[in-house]
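Lettering follows sequence order; numbering is per chain, from 1. This is a predicted model, so every value here is computed, not measured.
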Protein chains: 2
Amino acid sequence: MAEYKAPLTDMNFLLYQVFNADKMWQQSSQLKDQVDKETAIAILQECAKIAEQEIDPIARQGDEIGVIFTLNEDGVGGQVKTAPGYKEAFDTFAKGGWCALGGDINYGGMGMPKIVSAFMEEMLCSTDISFALYPILTAGAALSLAKHGSEALKQRYLTKLYSGQWSASMCLTEAHAGSDLGIIQTKALPQADGSYHISGSKIFITGGEHDLTENIIHLVLAKLPDAPDGPKGISLFLVPKFNVDDNECLAERNKVSCGSIEEKMGIHASSTCVMNFDGAQGFLIGELNKGLACMFTMMNFERIGVGIQGLSAGERSYQNALEYAKDRRQGKSLTKSSKKSAQPDSIMVHGDVRRMLLSMKAFNEGSRALSCYIAMQLDYATFASGELQKKGEQLSSLMTPLAKAFFTDLGFESAVAGQQVLGGHGYIREWGQEKLVRDARIAQIYEGTNGIQAMDLLMRKVIGSKGDLINVFTKEVSDYIESQQGNQAMTEFVDPLASALADLQDISALLLTKSADDLNEIGAAANDYLHVFGYTAMAFIWAKMAQVSLQHLAQLENANDEQSEYGVNFYQSKLHTARYYFARLLPRRLSLLATIKSGCHTLFAIDDELF
Amino acid sequence: MAEYKAPLTDMNFLLYQVFNADKMWQQSSQLKDQVDKETAIAILQECAKIAEQEIDPIARQGDEIGVIFTLNEDGVGGQVKTAPGYKEAFDTFAKGGWCALGGDINYGGMGMPKIVSAFMEEMLCSTDISFALYPILTAGAALSLAKHGSEALKQRYLTKLYSGQWSASMCLTEAHAGSDLGIIQTKALPQADGSYHISGSKIFITGGEHDLTENIIHLVLAKLPDAPDGPKGISLFLVPKFNVDDNECLAERNKVSCGSIEEKMGIHASSTCVMNFDGAQGFLIGELNKGLACMFTMMNFERIGVGIQGLSAGERSYQNALEYAKDRRQGKSLTKSSKKSAQPDSIMVHGDVRRMLLSMKAFNEGSRALSCYIAMQLDYATFASGELQKKGEQLSSLMTPLAKAFFTDLGFESAVAGQQVLGGHGYIREWGQEKLVRDARIAQIYEGTNGIQAMDLLMRKVIGSKGDLINVFTKEVSDYIESQQGNQAMTEFVDPLASALADLQDISALLLTKSADDLNEIGAAANDYLHVFGYTAMAFIWAKMAQVSLQHLAQLENANDEQSEYGVNFYQSKLHTARYYFARLLPRRLSLLATIKSGCHTLFAIDDELF
């Protein structure tokens, strides 16, 4: 596999030329002391080194050896041994302070905005999703704890999660109840000392057991015996693997154990555990029966992160496929080569190879930009006030399911496309492409399948707000289109963007109307609607990138602009890729619109027994 | 994983109600003594038993254990041990006479038409592509030998390939020259006795070495020292693993050996070998320098077979996902359920689950019908005469690359969709879905990548014939549309079919015109064109199936028709699925048409260094 090169230039282009994140930081009373352009550039550079030098080298072995489960001698649960190099890499990572990057500064966190930590997640995942999951899930759990935990819990646990001395897991899923959390059966019995005894079994718990850290802190959804039925009876508990005494030292083993691990298609170096709670001591986080709300704090951050996993696989696949395509000589150009030369051309001459590479490039850079935009909205929601904060909340709420599902669908497509560029060499293990496909696939499934994300977007966000949330987005785009009127050079982008926007508005209105008559229209349309929205939002972001690139190219022609630090080629590449996106990827929405308009009839007219 | 149930009803519906294959057999002087409806029904029933009872049970172990390579003590090459059960299953398969199914009757073959052996291939591949590859590649090699080999070679080798006592491999690819066969370097030196000494190295050789049969017959592409450059200097040789003496007994080991095997994403139980020829004795098949022509005899049969591998994975994925979806209870119907009931609904109530299942169903049944149509054209080409034969040759030549690429793309999509229906359970090994995804992926790559198929279709067939070949197909469809004028019940299918046909004709004409100016337009359009053609051809075949179903439903209403042996539900299911296809899958062509029309500019304007 090609050595990974973190796309730092693109990241900095987005932060400082497209989204002006540094200006936003300066204006935030909370952020201005923590982060500025120089700090963030240095952080991302250091992170790139860790990813390239510490994590990338262990990834292949991690895939081949995986995690190994050994039953304890007493038969109650077992140990999980990670692959060679993982413990050392995790220690280096933790010592570098990376587990604290987005953490609360009052407990040892670095308080970086999401827009910075999102880029860290991309780099980690591009080298090894399996490795990245351990710290990413820990950060997610820490976020819930920081927001909803009592002072005592935070004092005791947060600091050690930020230091990487301990790690965390999220225990939601039960065997009978995948994403349907309302019907979970894990029980919490109140104890005299204010703690709870947690009993039940959870499956698919990432990082539920491993040997990277001395303690693992489980955040567990459970119900009190007298709790209301359904989602409104769920509470959130902190259950440490080892209890912690008043001196903050590890005390006795808690009654939680790993029953087994799963054999999976990919992410072999990540432990996916069955976790058994057998009257384990737990501590309430937040209020009783408000556990789902506490989880959702974390969910928006986490789901964007999973979206970024898709992008990370797409980026790695592109880098690998591009290097191969440039080297590999096979066949001839249809137009350029001398037919008499015996030497074949590089496969870069073939239209179909260029199609695959450019699609990957456009999706990767588009997803990175769009994820950056959404992360920025999350940061507005967290750090801004007034209208900006409100809009940040609205847009991040609307676009989180989009990020999760759209980026992971495109990421998987890009992983597969990169594999296709390598032909047979993409199918064998040697070149690493097939690992990317296997690893990328999970991101479409976990943290709520992409079908569930589509329903969250259309049913809960778009229909649930009676169109208000989608209107916030469409107004943003139409204001932008307005702002570009008179900019001749942008016409080629603005016109098709306006057309896509109009279609998105129409189809949203149509579905709002239809939803009043038959909610099955929403279930039937959700997946296609999410993608129509995605292609349109990505067109918006590509138009913005094209505009910034045109500006810098104009300044570079005048040759007196110090800001244009990336040179002509960088901006030309952006412009060409934007044109490719508009010509050859944005049209995908046309089929989706036609499908949505065909209605739900053909899905529901057929009886189950006729399947 | 759900137990495999061979779709015999659907197969018989296609053979005898849609395509009237039995009438074609009766009219063929060659076929009428070999096959009739009763024989073919019995053959497919027996084949289903073998697949369900002998091959299905070994597949999972085959995936987990794979094939094991051991270097010989002398260091020259090594042995390949297949997984437990494979040898026994292959013996049972061979003893049943299945290796002879499509073989030449003069050498012990059964002489079945492709339309029957294609269904056998589907059933074998639905249970285990890895197993199926051994006999399928043997049958392909035997086909070349039967058509082009000398009488002496056929006498010596064909009989034992048909009996399954020996097997065969196809040795084409070299490390530096994937599909670019013109630049292969394997050499053939003429010997005094009329044989050749073959030297060179081949990679990605399926079944190049294994322990299923006592001898392996390699068909090898090589060049004589004085051969012309490029594809016109390639000859085809037969190289047995063990030489055969005049008593047809195995003699000394030939100088061909397996250097290593590949670790792959899937088809773990199939050996993918590096084969080294070190002055091995070989025998010319066909004429010198006409090796590619000899290979292409086999290619059309083989490539349809690979297309069917895609379908087979899609079918298996559907069966598995449907069983899971009916059992799995999670969430509530948006419209039907009592909100107060604590019991969740089966996930069949969710629009998005139905979307995935119905897409799989429509693609599987559509691919099966279309592969049946193409196999029938191959049979016309082989067994008919005059106009029928000519049209059979034209349509099978045109549609072979379509079958290979379109069915494998849809098959992979269906494998992934089935995995998605199972959520997290689809990602773990336990349910078998992830194996289908890993196995299905190879079919888009080998036997000429799907990008190469798209160029074969558009450049060689459509443009190369100046539109003549595609006109043969479009005339067939427009004649069909004509024939349905006045059939009110068919309007819902015929109208959109006519619209799709008109678009296919327009885009073909546009590309013919463009090709005169800039061949890069062809390379840029090829993949999308293939899919436009595919969706349109599948609409044609779905219209035919709907029409036949409507006829039988009308007859069933009159309740006096003995032919309607499958009952109302079968035909209703077909009709509903046809409607789903037209409403929700055929529109995919709209985006593809828009992309093709955008031209090749955005693909070629960007310099390679800007990627």
Mind listing the closest non-hydrogen atom pair of [X] and [Y] along with its distance?
X: Val416(A); Y: Arg441(B); result: O-NH2, 2.9 Å
X: Asp352(B); Y: Gly451(A); result: OD2-CA, 3.4 Å
X: Gly424(B); Y: Ile445(A); result: N-CG2, 3.3 Å

Does any backbone or side-chain atom of [X] lie under 4.5 Å from a heavy atom of chain A? Answer side chain, backbone, both or neither.
X: Gln419(B); answer: both
X: Lys326(B); answer: side chain
X: Met455(B); answer: side chain
X: His176(B); answer: backbone
X: Ala526(B); answer: neither

Identify which part of [X] has an atom lying under 4.5 Å from any heavy atom of chain B, answering side chain, backbone, both or neither.
X: Ala175(A); result: backbone
X: Phe570(A); result: neither
X: Leu322(A); result: side chain
X: Arg329(A); result: backbone
X: Leu422(A); result: neither
X: Asn450(A); result: both

Task: From CA spacing to verdict: side chain to side chain contact (heavy atoms under 4.5 Å, CB included), Met360(A), Phe611(B) - done: CA-CA 10 Å; Met360(A) 295 161 76; Phe611(B) 271 76; over 6 Å; no
- [ ] Just do the side chain to side chain contact (heavy atoms under 4.5 Å, CB included) check on Glu263(A) and Glu430(B) with the steps written out, would you?
- [x] CA-CA 8 Å; Glu263(A) 295 292 320; Glu430(B) 192 179 341; over 6 Å; no
Task: Verdict with reasoning, Arg429(A) to Met265(B), per side chain to side chain contact (heavy atoms under 4.5 Å, CB included) - done: CA-CA 7 Å; Arg429(A) 186 175 290 171; Met265(B) 179 182 190; over 6 Å; no
Task: Any donor-acceptor N/O pair, Gln420(A) side chain to Gln444(B) backbone, under 3.5 Å - done: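 Confirmed, Gln420(A) side chain pairs with Gln444(B) backbone.
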Open item on the list: For Gly266(A), is there any backbone N or O sitting under 3.5 Å from a side-chain donor or acceptor partner on Tyr427(B)?
Closed with: yes
What distance separates [X] [atom1] from [Y] [atom2], expressed to the nearest 0.5 Å?
X: Thr577(B); Y: Ile606(A); atom1: OG1; atom2: CD1; result: 4.5 Å
X: Ile452(B); Y: Gln330(A); atom1: CD1; atom2: CD; result: 6.0 Å
X: Asp608(A); Y: Leu357(B); atom1: CG; atom2: CG; result: 9.5 Å
X: Ile428(B); Y: Lys264(A); atom1: CD1; atom2: NZ; result: 9.5 Å
X: Ser333(A); Y: Leu519(B); atom1: OG; atom2: CG; result: 9.0 Å
X: Leu590(B); Y: Leu593(A); atom1: CG; atom2: CG; result: 10.0 Å

TODO: Applying side chain to side chain contact (heavy atoms under 4.5 Å, CB included), run through Leu603(A) and His576(B) and close with a yes or a no.
DONE: CA-CA 9 Å; Leu603(A) 279 172; His576(B) 278 296; over 6 Å; no
Highest number of heavy-atom pairs under 4.5 Å with chain B: which of [options]?
options: His425(A), His350(A), Lys361(A); value: His425(A)
options: Gly182(A), Ala454(A), Gly426(A), Gly351(A); value: Gly351(A)
options: Ala594(A), Ala325(A), Ala524(A); value: Ala524(A)
options: Lys597(A), Arg354(A), Glu434(A); value: Arg354(A)

- [ ] Name the option with the most non-hydrogen atom pairs under 4.5 Å to chain A; the candidates are Leu358(B), Asn569(B), Thr449(B), Ile203(B).
- [x]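 Result: the option with the highest number of such pairs is Leu358(B).
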- [ ] Specify which of His601(B), Arg589(B), Glu262(B) makes the most heavy-atom pairs with chain A at under 4.5 Å.
- [x]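 Heavy-atom pair counts peak at Glu262(B).
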Output a table of donor-acceptor pairs, distance under 3.5 Å, between side-chain atoms of residues 579-588 of chain A and any protein atom two or more places apart or on a different chain; print 'none' if there are none.
from: Arg579(A); atom 1: NE; to: Glu492(A); atom 2: OE1; distance (Å): 3.0
from: Arg579(A); atom 1: NE; to: Glu492(A); atom 2: OE2; distance (Å): 3.1
from: Arg579(A); atom 1: NH2; to: Glu492(A); atom 2: OE2; distance (Å): 3.1
from: Tyr580(A); atom 1: OH; to: Arg355(A); atom 2: O; distance (Å): 3.1
from: Tyr580(A); atom 1: OH; to: Ser359(A); atom 2: OG; distance (Å): 2.8
from: Tyr581(A); atom 1: OH; to: Tyr535(A); atom 2: O; distance (Å): 2.7
from: Arg584(A); atom 1: NE; to: Gly599(B); atom 2: O; distance (Å): 3.3
from: Arg584(A); atom 1: NH2; to: Gly599(B); atom 2: O; distance (Å): 3.0
from: Arg588(A); atom 1: NH1; to: Glu413(A); atom 2: OE1; distance (Å): 3.0
from: Arg588(A); atom 1: NH1; to: Glu413(A); atom 2: OE2; distance (Å): 3.3
from: Arg588(A); atom 1: NH1; to: Tyr535(A); atom 2: OH; distance (Å): 2.9
from: Arg588(A); atom 1: NH2; to: Glu413(A); atom 2: OE2; distance (Å): 2.7

Open item on the list: Taking the side chain as everything from C-beta on, heavy atoms only, tell me whether Arg438(A) gets closer than 4.5 Å to Val437(B).
Closed with: no
